[in-house]
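Only one structure is covered here, and it is reproduced in the block below.
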Amino acid sequence: MKAARLYGPGDLRVEDVAPPGAPDAGWVKLRVDAAGICGSDLHNFRTGQWISRSPSTSGHELTGTVIELGEGVDTVAVGDRVVADSRFWCGECAQCHAGRRHLCASLGFVGEVCDGGFAEQAVLPARLLHIVDAALDERVAAMAEPLAVALHAVRRLPKTAGSVLVVGCGPIGGLAALLLSRSFAGTVLVADRNQARSARVARVTGATIVDLDRDAIAAAMANAPLLAAVEATGSIAAFTQLLGVLDSGGAVAMVGIFHGRLDIDPNLLVEREIALLGCHAFADELPDAVRMLGELSDPLLALIDRVIGLDEIPAAYERLLAGKSDGLKTIIRMRQPVEPA
Ligand SMILES: [Zn+2]
Ligand SMILES: [Zn+2]
């Protein structure tokens with residue numbers, strides 16, 4: 001079968017490999033239907049930061065159909081359509097016991113600690129699989145995982161904030177704007193240097209586009225204070241600018257993956273009571289995200305940039321890393337769709 005495997009930083013190869021054998025006890029074999037390319041896939045490709053085995057089939061945003069069960073699996077059945085929890089948690093440490101699996105002491109991710117979804121077949125632990133409605137478009141189902149990430153970031157924000165600024169209109173920023181537009185009472189503002197991307201997010205979510213400067217934001221907010229933001233760029237420059245436009249008492253849900261280090265005066269946070277909220281993957285939000293997929297199908301499809309085949313993944317990485325994407329999400333479809341995408 002075909003698989004896209006990461007060998008080292010900058011070294012991703014689409015190759016023919018032996019399909020996985022029969023799944024071990026507690027594991028399940030899937031025919032992968034679709035998978036999404038994530039910013040963290042690009043980060044790992046660029047830096048090698050999370051490479052723990054080589055080669056490893058990449059891809060943690062996947063949906064597939066169950067084709068074989070390992071011994072003892074009774075939570076899914078052959079023929080079920082599923083999405084995968086990307087978090088490879090242990091289930092035994094204190095954090096896992098407390099229900100904080102995203103903070104598991106030995107947390108790894110699908111595609112890194114085990115082979116992931118950029119392949120025609122995948123084998124995963126049954127405990128990571130969630131059944132989805134068989135009628136869902138596979139491109140939509142492949143977005144369950146990033147939707148859960150966005151949901152977690154949105155839920156980290158204080159409920160009382162009213163209006164929210166989303167900085168960065170990539171996949172997570174766009175999905176956060178979509179969720180905020182449906183759950184927060186106030187205005188949703190979006191900012192991105194790429195105008196085509198912010199325009200698409202504004203069109204799909206109804207958010208208002210702003211520049212990252214105080215005057216523009218004050219005008220958009222009718223001079224009400226800005227007390228909540230989602231940082232979804234991973235850019236030190238954008239984050240620094242964001243701290244400059246956030247009002248005292250504000251909170252930032254930080255979900256972008258950064259390259260580089262921050263140099264700030266901590267007194268800025270102390271004196272202005274700014275809360276920085278790290279957001280790592282998601283906590284219990286995946287089942288909620290799965291439940292939302294049907295209702296959100298149309299806007300989710302409208303946020304997809306391109307649908308490609310497995311062979312096109314290296315070129316897509318290159319294009320995305322070069323910032324040549326005006327859409328949000330690139331989805332890999334393992335087989336030719338019945339109708340053109
Ligand atoms: Zn992801
Ligand atoms: Zn654990």
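Indexing begins at 1, ligand by ligand and atom by atom, following the structure's order. Quantities reported herein were computed from a predicted structural model and do not represent experimental measurements.
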Apex the Zn ion (ligand 2) - arms SG from Cys96 and SG from Cys93 - angle rounded to 10°: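 It is 110°, given to the nearest 10°.
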Angular separation of Cys104 SG and Cys90 SG about the Zn ion (ligand 2), given to 10°: 100°
Full working for salt bridge (charged side-chain N to carboxylate O under 4.0 Å, His left out) between Asp247 and Arg214: CA-CA 10 Å; Asp247 281 285; Arg214 275 199 85 83; 3.0 Å; yes
Name of whichever N/O/S atom of Glu61 is nearest to the Zn ion (ligand 1): OE2
Aromatic ring proximity Phe109/His280, centre distance under 6.0 Å: yes
Aromatic plane relationship, Phe258 with Phe239 - under 30° parallel, 30 to 60° tilted, over 60° perpendicular: perpendicular
Within one Ile-Leu-Val-Met-Phe-Trp-Tyr cluster: Leu62 and Trp50, side-chain cutoff 4.5 Å: no
Salt-bridge contact Arg101-Asp85 (side-chain N to carboxylate O under 4.0 Å): no
Contact check: His97 to the Zn ion (ligand 2), N/O/S below 2.8 Å: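 Looking at His97, which is the residue asked about, there is no N, O or S atom under 2.8 Å from the Zn ion (ligand 2).
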His60 NE2 and Cys38 SG subtending at the Zn ion (ligand 1) (10° steps): 100°
